[in-house]
Chemist: 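Would you mind keeping the following structure in view while I ask a few things?
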Amino acid sequence: MDKTYQPEQIESRWYERWEADNRFAPSGQGEPYSIMIPPPNVTGSLHMGHAFQDTIMDTLIRWRRMQGRNTLWQVGTDHAGIATQMLVERKVAAEEGKSRHDLGRETFIDKVWEWKHESGDHITRQLRRMGASVDWSRERFTMDDGFYKAVQEVFVRLHEEDLIYRGKRLVNWDPTLHTAISDLEVENRDQQGQFWHFRYPLTDGVKTEAGHDHLVVATTRPETLLGDTGVAVNPEDPRYASLVGKFVELPLVGRRIPIVADEHADMDKGSGCVKVTPAHDFNDYEVGRRQDLPLINVFTQDAAILERAEAFDIQGRPLPDIDPTLPEAYAGLDRFEARKRIVADMEAAGLLEQVETVSNTLPYGDRSGDVIEPLLTDQWFVAVESLAKPAIEAVEKGDIQFVPKNYENMYFSWMRDLQDWCISRQLWWGHRIPAWYDAEGNVFVARSEAEARDKYGLPEDLELAQDEDVLDTWFSSGLWTFGTLGWPEHTEELATFHPSSVLVTGFDIIFFWVARMIMLTCKFTGEVPFKQVYVHGLIRDGQGQKMSKSKGNVLDPIDLIDGIDLDSLVEKRTGSLMQPQKAQAIAKATRAEFPEGIEPHGTDALRFTFLSQATTGRDIKFDMGRLDGYRNFCNKLWNASRYVLMNAEGQDTGLGDAPVELSLADRWIVSRLQQTEAQVTRAMEEFRFDHASQALYEFVWNEYCDWYLELSKPVLWDDNASAEAKRGTRRTLVRVLEAILRLAHPMMPYISEEIWQRVAPLAGVEGESIMVQPWPQAEDDKIDATATHDIEWLKGVIVAVRNIRAEMNIAPGKPLDVHLAKCDQEDLRRYIQNHRFLMKLAKLNSIAPLDESKEAPLSATQLVGDMEVLVPMADLIDKEAELQRLAKEIDKQEKLIGGIEKKLGNENFVAKAPEAVVEKERGKLQEYQAARNLLVEQRDKIAAL
RNA sequence: AGGACCAUAGCUCAGUUGGUUAGAGCGCCACGUUGACAUCGUGGAGGUCGGCGGUUCAAAUCCGCCUGGUCCUACCA
């Protein structure tokens with residue numbers, strides 16, 4: 001083995017080997033355990049969130065696989081409608097200078113597929129780098145043939161049950177992308193805005209109570225004035241009670257619009273009058289519905305002003321009687337330009353009463369960054385009410401459990417207030433809606449055009465045109481857990497692996513994805529999609545900032561694995577910025593944070609870092625310090641293994657029939673191993689990967705390496721030690737290491753496999769890969785309390801001597817003569833059994849119990865229980881230093897004693913606390929007092945010198 | 001406006017049902033190279049557990065209020 005751990009040399013080699021040996025596919029044996037990967041965007045690349053999530057899933061899958069479960073980790077990618085379409089549109093624009101409309105639908109779609117084939121394996125390659133043991137043979141894509149079939153099936157069936165319908169509704173419209181988007185894709189941002197107060201003249205000579213001939217309405221969106229169909233006042237408002245049923249004249253347009261009484265108008269806000277624009281505002285839409293006001297749309301799909309308005313009733317039927325005329329001056333103007341002109345014209349007409357500056361929030365499309373416009377369009381909707389009910393019950397009944405549990409409340413509160421889901425998108429890339437229209441606009445929904453003709457009895461020669469729209473990406477990914485398993489066919493896989501065991505996902509897509517998956521899956525399979533949902537937080541940078549391209553603080557997991565030099569990193573972060581003026585600041589910050597670039601750390605270290613930071617339900621500040629630390633941990637494990645191999649390879653490791661003798665240390669480490677195994681297993685069961693990784697870390701470093709390996713040396717290197725003892729120690733060294741590797745494997749797959757290959761034969765374990773070895777199982781009968789106490793004693797004595805050395809400035813290597821005083825029988829036994837270890841580990845010249853009949857030499861003293869460890873002062877100890885040290889020790893004990901005396905002096909405590917607690921305190925008091933007395937005695941002796 | 005989560009060492013975080021001398025890693029200080037590892041070893045310093053109040057014999061832990069932070073939902077005519 002190399003002297004230092006070099007991950008890059010082992011990682012790709014092992015992954016290829018595992019994949020070639022088909023280690024990732026289900027074994028076909030044991031209780032099924034399955035995870036469906038949240039499908040990443042097909043043309044995306046792996047970010048820290050993926051890497052984190054994949055680490056958790058892989059750890060779970062590898063662990064369950066070792067436990068003998070029939071594991072399936074289903075892999076695949078998502079077609080990601082908007083994201084992918086935009087990407088390819090930009091690419092085509094850059095390379096060919098053409099828009100998608102120049103190419104036409106078919107050619108453009110071909111381009112997208114081309115791009116998918118070209119770049120679709122990028123993220124899957126990265127997934128391999130992470131060590132993800134997904135079953136590649138079952139890889140799926142949300143637009144492959146099987147998915148196409150499942151999507152058609154679901155759409156048609158929902159339509160047949162009237163759970164999908166089409167209608168003219170107000171939706172969130174993205175004027176840049178020319179598509180509807182869902183509420184969830186809208187991001188609300190705070191802004192400084194203006195608030196214009198306009199006068200709307202009353203008609204027919206009517207006046208207000210205050211004697212005005214106009215009403216005042218205020219708006220942040222003057223351009224929607226053109227579509228106003230009413231003015232609302234509160235029904236309780238005395239100021240306007242007499243005006244209800246009267247009219248105002250809509251300025252600039254000249255339309256007569258009614259004054260209606262509606263609760264939407266807030267008496268305390270502004271004048272108490274509200275303009276109502278049902279076709280351009282969600283609240284007004286509701287007012288329009290209640291008050292039976294017409295809907296007048298004044299915008300094009302680009303959110304520019306129409307030449308002629310379009311009027312509808314609330315059902316979406318055209319209203320030909322309404323005059324659609326709009327002022328010519330605004331026709332074709334963009335909404336923001338129109339706003340300026342309308343404000344100017346109102347002012348010129350003397351109808352602008354006041355302008356206020358206010359802060360408000362504006363809706364933005366999370367993809368386009370454009371301001372979203374509520375727009376009246378024809379769309380397809382899923383009626384969610386009946387689907388939501390079983391989906392809520394599934395969580396209430398505990399068929400689905402969220403980890404951590406508090407996300408259930410978030411889920412419930414959202415599910416109880418669901419709006420119908422707009423599923424049509426005016427895009428080209430995606431599942432085209434399986435609906436056909438005849439020339440009259442009649443709609444026929446079926447799995448294919450042929451089926452439509454058949455189903456609706458349409459003549460052969462009737463011309464049909466398929467709906468131009470595609471489905472929301474989340475409609476297809478909502479079918480992920482069962483669509484990937486062959487539904488609607490009744491496949492073997494579906495029967496075996498559905499419901500899946502656990503979904504690992506971020507809280508940010510609970511609404512987008514998780515909730516919809518639950519609804520659709522319950523509906524179509526009668527089963528929940530998964531039994532548990534492990535919800536994790538966002539990976540943030542070291543300062544707690546969200547990682548984003550524009551901030552220039554993005555870390556690429558692959559760079560953490562392979563390392564990257566500073567210049568490349570700076571280039572990567574500043575290369576393709578939307579705001580190039582930030583480049584300098586980003587470069588500076590990057591150079592300050594990573595003056596040497598990023599060193600390679602390897603996949604295992606990165607995975608271990610994620611796991612150690614994986615506390616549920618809160619965001620994670622990624623800690624580079626930990627990454628370094630766990631790379632060092634890998635190195636530690638590597639070197640410990642080198643030591644073991646150096647001492648065991650070619651030697652008798654106790655595999656044969658020859659007698660074996662186990663030392664105290666051997667029994668102790670085996671005992672501690674059992675406890676660690678139990679701890680790690682329990683932590684995994686509870687999704688506490690931080691505890692699992694820490695338990696392993698502590699055992700490996702603080703016990704196996706720091707103590708056990710050191711304790712093995714006196715046996716292995718002592719010519720006087722028996723063959724039986726050497727055999728026993730070698731056997732233990734190897735066996736414990738072999739178990740450590742299995743315990744580590746789900747978390748650190750590469751290094752564990754690499755080392756295991758060499759260690760396993762020495763431990764008498766056969767097998768081709770650690771992947772299919774059994775998960776370590778704690779055996780209670782190997783827990784040895786005596787050995788544990790004895791080793792604690794041994795450590796105590798050694799630490800005592802080290803302590804004296806450090807505080808007395810005695811060279812670490814200088815051999816000392818040590819005495820043990822006030823020994824009881826146990827101390828003597830331990831002394832005898834551990835003589836060899838004490839001599840070696842404490843670097844002693846001699847050690848012996850003190851003859852109590854004689855005066856003890858003047859010494860520096862440390863306590864181990866009631867026993868004293870004495871290092872004679874002779875000429876090597878500084879009197880003042882020792883007095884100081886003793887004073888410090890005595891002070892410490894006094895404080896402890898004071899605390900306990902106070903507690904025991906409290907009658908209430910003695911009376912009310914459980915007996916055991918009181919007894920424990922009394923015991924501690926005695927212990928501290930004894931210690932204090934010994935130290936004082938010692939101090940007095942030295943002081944008297 | 002409503003709700004959720006968080007606040008523990010300089011930094012990143014553990015701390016299970018109230019009873020521990022409140023822990024780990026990194027960083028810091030001192031010392032240390034023959035025999036696995038300087039990506040290391042040994043020893044050490046560092047915390048009134050955000051603040052105030054309450055419950056209790058006992059509070060980092062339970063309750064209330066406050067402050068600060070993150071996020072979600074809603075509203076903003």
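Just so it is clear, the values below take in all heavy atoms, side chains as well, and ignore hydrogens, waters and symmetry mates. Proteins come first, then strands; the chains are lettered A, B, ... in the order of their sequence lines, and each starts at number 1.
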Chemist: Evaluate the ring planes of A:H536 and A:Y534, with Trp represented by its six-membered ring, and classify them as parallel (under 30°), tilted (30 to 60°) or perpendicular (over 60°).
Modeler: tilted

Chemist: Looking only at the side chain of A:R618 (C-beta and beyond, no hydrogens), which of the listed nucleotides B:rU16, B:rC13, B:rU42 gets closest?
Modeler: B:rC13

Chemist: Taking CE from A:M684 and P from B:rU16, how many angstroms apart are they, rounded to a whole number?
Modeler: 21 Å

Chemist: Ignoring hydrogens and angles, does a donor from either the side chain of A:R802 or the base of B:rU42 sit under 3.5 Å from an acceptor on the other?
Modeler: no

Chemist: Using atom CZ of A:R626 as one end and atom P of B:rU39 as the other, report the distance to the nearest whole Å.
Modeler: 21 Å

Chemist: Once you apply the 3.5 Å cut-off to both distances, tell me the Watson-Crick or G-U wobble partner of B:rA4, or none.
Modeler: B:rU70

Chemist: Want to settle it: does A:Q613 or A:S641 sit nearer the 5' end of RNA chain B, counting the closest nucleotide to each?
Modeler: A:Q613

Chemist: How many whole angstroms separate atom CD of A:Q893 from atom C1' of B:rU21?
Modeler: 9 Å

Chemist: Tell me which of A:E927 and A:C705 sits closer to the 5' end of RNA chain B, going by the nucleotide each one is nearest to.
Modeler: A:E927

Chemist: Would you measure the distance from the P atom in B:rG46 across to the matching atom in B:rA9 and give it in whole Å?
Modeler: 15 Å

Chemist: How about A:Y630 and A:F608: are their ring centres within less than 6.0 Å of each other?
Modeler: yes

Chemist: For A:V917, answer base if it contacts any base atom (sugar-phosphate contacts may also be present), sugar-phosphate if it contacts only those atoms, and nothing otherwise; contact means non-hydrogen atoms under 4.0 Å.
Modeler: base

Chemist: If we take the P atom in both B:rG18 and B:rA60, what is their distance in whole Å?
Modeler: 13 Å

Chemist: Identify whether a stacking contact exists between A:F909 and B:rA58, where the ring centres must be under 5.5 Å apart and the planes under 30° apart.
Modeler: no

Chemist: Given atom CZ of A:R540 and atom P of B:rC11, what is their separation to the nearest angstrom?
Modeler: 18 Å

Chemist: Rounded to the nearest angstrom, tell me the gap between atom CH2 in A:W638 and atom P in B:rU39.
Modeler: 17 Å

Chemist: Could you tell me the separation between the CD1 atom of A:I509 and the P atom of B:rC72, rounded to a whole number of Å?
Modeler: 15 Å

Chemist: Between A:F610 (CZ) and B:rC13 (P), how many Å, whole number?
Modeler: 14 Å

